[in-house]
Amino acid sequence: MSAHSDIPANASAAVLNAEARSCHAVDPRRGLALASLAEKAARAENKGEELAMAAYLQGSSLFNLGQNDESRRELERARELAQQAGRLALVGGAHFMLGGICRDERKLNKADEHYLAGLRIAESCGHDKLRVRVTQGLGMTAGLRGDNKRALDLFRQSLALGQSLNDSELQVVALQNLAIIYHHIGLLDKALDCLVSAQTKLRTGADDNLLCFVLLEQGNVYVQLGARMLALTAYTRARRLAETMDHRLNLMAATLWIGRLLLREGLAAEGLRRLEEALTMAQALGHKASQVEARCAIGEACLIRGDGRRAADELQRSRALMREIEDPIYEAYVHRLTVLCALADEDDGAARAIAAAMEHFRKIGDRANALELHLDLAGKLSAAGQRQRAIRELERALRLARQGGYHDRIVAIHRSLYRLWTRLRNHRKAGDQLEEALAAQDVIAAFERKALLAREALCREFEVEADGPVGVAGLRPGEDRLREVLYQRCATLTPMEEKICILIYAGMRSKEIAPALNIALSTVEWHRGNVRRKLSIPVGRAISAALNSFLNDKPLENPG
């Protein structure tokens, strides 16, 4: 007992189980150790109920540590012991946890069997909390199947039940899952409202496991809304919490989403490194759905870096994994990578791949992936000189972005339309797009201010300091403002020139920028020359100093 000096040496099985129950989610290793001690005490005391509870808590702790196979064995044992002891509620709890394991492995039909068994038991013995939990489990499997309407109904039902029981934990889980569905169908403002409500219900330090889940989803919503620094802050904080708790599933998710964010920001080399790290974690955990997501993101990174062969290999591996799981949401990633590989290779089957992908996105209500696909296709058409077709694709993307409130994408689409109309010498339409882009940028700035104020209010309520944005691979505070200033000063900067400006502002030199963007040093210098000419930066004036002057609204001084 020396490892747990705060527990009496002669503690009973009931006391040990109570301690294990209090920490199996927030400190699963301690929970596992205490439950193991409780099992020994229960055998010595010949108490079947406590023996069943100890097995259940060991299974729960193992699940929180990402050890699904060991967890399943313990939970099956707990179910048998609980049946022998006549503990129906515990039998139902074991079914709930087994459903979670099957859901995690994307065995959705098997998961529903366990949840429905748990629901029948909860109703028969009047266990309201268990009824809420299994209802939420059924909502999760409905969401994974793409049945968003049923998922929303089930989560709203579980939220109402949690409120009637005055149970903040049940309410937080319901709010978090509502946010996931709202995010998936493009109702981002509603998703963010749910997540802010969830955070206000969490007790500081007591619900770090739940807080980690909430922060990860909050980061995903911030990405779509264009608040990238807030997203990076949320992901980084979630990653720290996961490391502290040794929660490998959350650590993997945070690493994966940081990698995807860096990839989206044009930092393909650093993003690829993070994605490969996340893939290694997913393989160690046997988490096949996350392996699909990581491999598809790695494939996109490889295409950006010009490595089509590895991208095709990642696509084939992802398809093989999809044959082992049933999950239309992760299948969407495979569809997207299929189209990107076909477009990169000038494949004759690209049109068929696009049609199949669009049909899949429509079927599961995946507005986000449909939007990205329209943007990818528009970029390909524009590069091929088919500007009118590119404009049509961008206009379709714009409709989706407006429906979903994807403010970041709205700005990017208006900028692209501005460039295309300028090249077509239609200056009236180009001017309209420029005005729309600036208006959408104002919406993002207002949202950033609102989000920061909400975060500061939470910190005041919990009496903790706000986490500042954490710089990763060249990202730092002020980047969004820099993009806006650059666009106002010169709307004709290319995406690559804009990326190079951001990396210069972050303090990187040309010889560091070249490998980060996978381009030659001479190409970086050529782009720097274009930046200097387009922004009218005098010879002898450092580009980094000029960028800081732009941000501070100071005039440039000619050093000569």
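- Here the closest non-hydrogen pair linking A151 and G139 is CB-O, 3.5 Å.
- Note: L195 CG to Q218 CD = 5.5 Å, rounded to the nearest 0.5 Å.
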H360/E331 under side-chain contact (heavy atoms from CB on, under 4.5 Å): CA gap, chis, key distance, verdict: CA-CA 9 Å; H360 183 75; E331 190 178 347; 3.6 Å; yes
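- Going from atom CD of E270 over to atom CG of L275 covers 10.0 Å, rounded to the nearest 0.5 Å.
- Two residues are said to be in side-chain contact when any heavy atoms from C-beta on lie closer than 4.5 Å; H414 and Y418 fail this criterion.
- Look at E276 and R273 and you find no salt bridge, because none of the NZ, NE, NH1 or NH2 atoms lies under 4.0 Å from a carboxylate O.
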Audit row: E314, R310, salt bridge (charged side-chain N to carboxylate O under 4.0 Å, His left out) steps and yes/no: CA-CA 6 Å; E314 296 295 345; R310 183 177 175 191; 3.4 Å; yes
side-chain contact (heavy atoms from CB on, under 4.5 Å) assessment of R237 paired with L211: CA-CA 10 Å; R237 188 177 171 199; L211 179 58; 3.6 Å; yes
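- No side-chain N or O of S382 forms a donor-acceptor pair with one of R419 less than 3.5 Å apart.
- In the model, N220 has a side-chain atom that pairs as donor or acceptor with a side-chain atom of Y235 under 3.5 Å.
- Taken to the nearest 0.5 Å, the NE2 atom of H335 stands 12.5 Å off from the OG atom of S318.
- For the pair M252 and E277, the minimum side-chain heavy-atom distance is 4.5 Å or more.
- For the pair Q136 and L154, the minimum side-chain heavy-atom distance is 4.5 Å or more.
- Nearest heavy-atom pair across A234 and L215 is CB-O, 3.5 Å.
- Between I391 atom CD1 and S416 atom OG the span is 10.5 Å, to the nearest 0.5 Å.
- Here E300 pairs with R336 in a salt bridge; the nearest charged N to carboxylate O distance falls below 4.0 Å.
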Worked verdict on E217 versus W257 for side chain to side chain donor-acceptor pair (under 3.5 Å): CA-CA 10 Å; E217 183 55 26; W257 289 335; over 6 Å; no
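- Under the 4.5 Å side-chain criterion, counting only non-hydrogen atoms from C-beta, L279 is in contact with R295.
- Counting only N and O atoms by type, the side chains of R319 and T338 include a donor and acceptor under 3.5 Å apart.
- A side-chain donor-acceptor contact under 3.5 Å links N177 to the backbone of V173.
- Residues L375 and E393 have side chains not in contact (no heavy-atom distance under 4.5 Å, counting atoms from C-beta outward).
- For D313 and R309, the salt-bridge test fails: no basic side-chain N is under 4.0 Å from an acidic carboxylate O.
- Without hydrogens or angle criteria, R541 side chain to R532 main chain gives no donor-acceptor distance under 3.5 Å.
- Here the closest non-hydrogen pair linking A297 and R260 is CB-CG, 4.1 Å.
- No more than 12 heavy atoms of other residues, nucleotides or ligands sit less than 6.0 Å from atom CZ of R509.
- Counting only heavy atoms from C-beta outward, the side chains of R362 and M358 never approach each other to under 4.5 Å.
- Under a 3.5 Å cut-off, the side chain of N426 and the backbone N or O of T422 do not form any donor-acceptor pair.
- Around atom NZ of K534, more than 12 heavy atoms belonging to other residues, nucleotides or ligands sit under 6.0 Å away.
- Taking a cutoff of 4.0 Å between a charged side-chain nitrogen and a carboxylate oxygen, E497 and R528 do not qualify as a salt bridge.
- The shortest heavy-atom contact between M140 and F155 is N-CZ, 3.4 Å.
- Taking every heavy atom of both residues into account, A198 and V214 meet most closely at CB-CG2, 4.1 Å.
- Here F361 pairs with nothing under the ring-ring contact (aromatic ring centres under 6.0 Å, His included) rule; sequence neighbours left out.
- Closest heavy-atom contact between A397 and L371: O-CD1, 3.2 Å.
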Working for side chain to side chain donor-acceptor pair (under 3.5 Å), residues Y182 and D193: CA-CA 10 Å; Y182 282 136; D193 288 343; over 6 Å; no
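- For the pair L272 and I304, the minimum side-chain heavy-atom distance is 4.5 Å or more.
- K363 and E359 are not joined by a salt bridge, as no carboxylate oxygen comes within less than 4.0 angstrom of a charged side-chain nitrogen.
- Between the CG atom of L340 and the CG atom of L343 there is a distance of 6.5 Å, given to the nearest 0.5 Å.
- In this structure, OG on S290 lies 7.5 Å from CG on L249, to the nearest 0.5 angstrom.
- In this structure, the side chains of V334 and L315 come closer than 4.5 Å at one or more pairs of heavy atoms.
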Residue pair L420, L394: steps toward the side-chain contact (heavy atoms from CB on, under 4.5 Å) verdict: CA-CA 10 Å; L420 286 170; L394 286 170; 3.5 Å; yes
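- A search for side chain to side chain contact (heavy atoms under 4.5 Å, CB included) contacts involving R145 returns L108, N109, D112, T141, not counting sequence neighbours.
- Using a cut-off of 4.0 Å between Lys/Arg side-chain N and Asp/Glu carboxylate O, R399 and E395 are scored as not salt-bridged.
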